[in-house]
There are 2 protein chains.
Amino acid sequence: MQTRQYRRIGEIGYGMAMSATETAVDAPEIGLRELKKQMTHDAIAQAAFRLTLEKGLDHVTIEEIAREAIVSPRTFSNYFSSKEEAVVSAGSEDPQEFLPAFREALEQEPPLRALCQVLSDFYASRTEEQLDRSLQLLGLVERYPSLLQGQVGRFATIEAELRDAVAEHTGTDAETDMYPWLMAAAGMASLQAALRLWAASGRGADHLVELLQDAFNQFSAGLPVPGR
Amino acid sequence: MQTRQYRRIGEIGYGMAMSATETAVDAPEIGLRELKKQMTHDAIAQAAFRLTLEKGLDHVTIEEIAREAIVSPRTFSNYFSSKEEAVVSAGSEDPQEFLPAFREALEQEPPLRALCQVLSDFYASRTEEQLDRSLQLLGLVERYPSLLQGQVGRFATIEAELRDAVAEHTGTDAETDMYPWLMAAAGMASLQAALRLWAASGRGADHLVELLQDAFNQFSAGLPVPGR
DNA sequence: GGCGATATTGCCTTGTTTGCAATATTGCGC
DNA sequence: GCGCAATATTGCAAACAAGGCAATATCGCC
């Protein structure tokens, strides 16, 4: 999980050196150093997540997490500003994984449809293990409200990126135009509702996708009252 | 600000005793004790808010806030679990102020329209001072990301109450039906978008109401792409 | 192989959180 | 009014967390 993609930093500098090696599709082009950083990041997050599952959030200390990840407590603080952040980071999706796809899809479909498509694809292609992890996180968030804030913060970040993407694409300004806000919010609301209902249903990944599409469809239809 | 309304607790008990005194419209019917609690709650929140405006969030300590509100630091912790919570609590609207109205409006209009109406009325009837306070909070949230989490948490609470109200009214189950989730989320998204654009616009309360209604209209219309 | 950049760590200070027990205040029946 | 029960407030203390700073270790690159 947490496979990362890195922003291309123009053509600056590295050009000569790397044209020799294979310019891999989603390769970092950023040294081994950065890679190791990601690894410790993930190691800490994993440790936090696992220990929380085992012992409950408030019986886990930063010191313990750090020991588990084989770093100093001080290093923990260099990566995360709280236990909660670490736990949530380990269990949830990395927005960088579908944002590029969303930007591409925007070229071909209206935003709402594009996002629906991208998210559906994304979740349809997740492994059992990844989905399990999402379920576990949902459970933890329900059990510990303090995690909720961390998660909501994470969602807010994704929403902001979606908003920017939409604003950029439609040529509207997120400072004065409402559409990007509503669009991004509708997307995240669909995702969140689908995830929670899916978790409650106890069914498989295909049901999650159904729920997602249902949510998007309701938004497209102007949120008709179900009963009538 | 923060005028509270209390749930009517049926006809239990107090009947005899209070029929003598005036059964005030939004009166607590809950002793002086409860009232004082609200007062210290507000006093602490006010202190937190004002000090943060003056000195910046991270130059304010709980001890200081407590002194300002004339309570012990320990008492602060009895009311709020963090500075952030206190600050946000002081600056933002109390959901109890429009939830009852929303429940009533649900009897007469479809949910989306009902919520739009209730929120419009609510903000239209706010004083300059109250609106100023909202603006100040928006500014603070922008300046200090850690406040954002507190605010989002507060919004989440309101959203949950909206959701329950909608689920209850439409007879749907929030555990299995998606409509209440989407409906509540759309409402809060409209509110948030309207507030932020309004803050950026620097215009008056009537513009906020316009923005609110615009947002709700876009949702009703199925979020059409603006350009075409 | 050495140098510059940067990641990691330890130390330390300040602030936060929470349980517990003591104290003060309030509501209410008499 | 008076006193009792309920509960709000406080002080104390211990455990934990956050973050600046400087020393050290490690990496990438020439």
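Convention: sequence-line order gives letters A, B, ...; per-chain numbering from 1. Given the structure is predicted, the values throughout are model-derived calculations rather than measurements.
DNA chain D is contacted by both Glu63(A) and Arg74(A); Glu63(A) maps to the nucleotide lying nearer its 5′ end (nearest heavy atom per residue).
Here the nucleotide nearest the side chain of Val71(B), chosen from dT10(D), dT16(C), dA17(D), is dT10(D). Nearest to the side-chain atoms of Thr61(B) among the listed nucleotides dT17(C), dT8(C), dT16(C) stands dT16(C).
Heavy atoms of Ser77(B) sit under 4.0 angstrom from at least one base atom.
Nucleotide dA17(D) holds its P atom 10 Å from the CD atom of Glu64(A), rounded to whole Å. Atom CG in Leu57(B) sits about 11 Å away from atom P in dG19(D), given to the nearest Å. Remark: P of dA17(D) and CD of Glu85(A) are 14 Å apart, rounded to the nearest angstrom. For Glu84(A) and dT16(C), the CD to C1' distance is 13 Å, given to the nearest whole Å. One can place CG of Asp58(B) at 17 Å from P of dT14(C), the figure rounded to the nearest angstrom. Computed from coordinates, the Asn78(A) CG to dA22(D) C1' distance equals 14 Å when rounded to whole Å. When rounded to the nearest whole Å, the span between NE2 of His59(A) and C1' of dC16(D) equals 14 Å. Rounded to a whole Å, the NZ atom of Lys83(A) is 9 Å from the P atom of dA18(D).
Applying the 4.0 Å criterion to OP1 and OP2 of dT9(D), one finds that Thr40(B) has a side-chain N or O inside that range. The side chain of Lys37(A) contributes an N or O atom lying less than 4.0 Å from OP1 or OP2 of dA7(C). Taking 4.0 angstrom as the limit, Tyr79(A) places none of its side-chain polar atoms (N or O) nearer than this to OP1 or OP2 of dA7(C). Between Ser72(A) and dT9(C) there is a side-chain polar atom (N or O) within less than 4.0 angstrom of OP1 or OP2. Distances shorter than 4.0 Å separate none of the side-chain N or O atoms of Lys36(A) from OP1 or OP2 on dA7(C).
The line from CD of Glu159(A) to CD of Glu161(A) is 11.5 Å long, rounded to the nearest 0.5 Å.
Ile70(A) is linked by a side chain to side chain contact (heavy atoms under 4.5 Å, CB included) to nothing, counting only residues two or more places apart in sequence or in another chain.
Rotation axes derived from the C1' atoms of the five outermost pairs at either end of the helix from dG1(C)-dC30(D) to dC30(C)-dG1(D) lie 30° apart, to the nearest 10°.
Ring pair Phe80(B)/His41(B) is tilted by interplanar angle, where 30° to 60° counts as tilted.
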Test Phe98(B) against Ile158(B) for side-chain contact (heavy atoms from CB on, under 4.5 Å), laying out the working first. CA-CA 10 Å; Phe98(B) 52 77; Ile158(B) 304 180; 4.1 Å; yes

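Remark: the Ser134(B) side chain and the Glu93(B) side chain contain an N/O donor-acceptor pair separated by less than 3.5 Å.
Between the side chain of Trp198(A) and the backbone N or O of Arg203(A), at least one donor-acceptor pair lies under 3.5 Å.
Within the 4.5 Å cutoff, no side-chain heavy atoms of Glu54(A) are placed close to those of His59(A).
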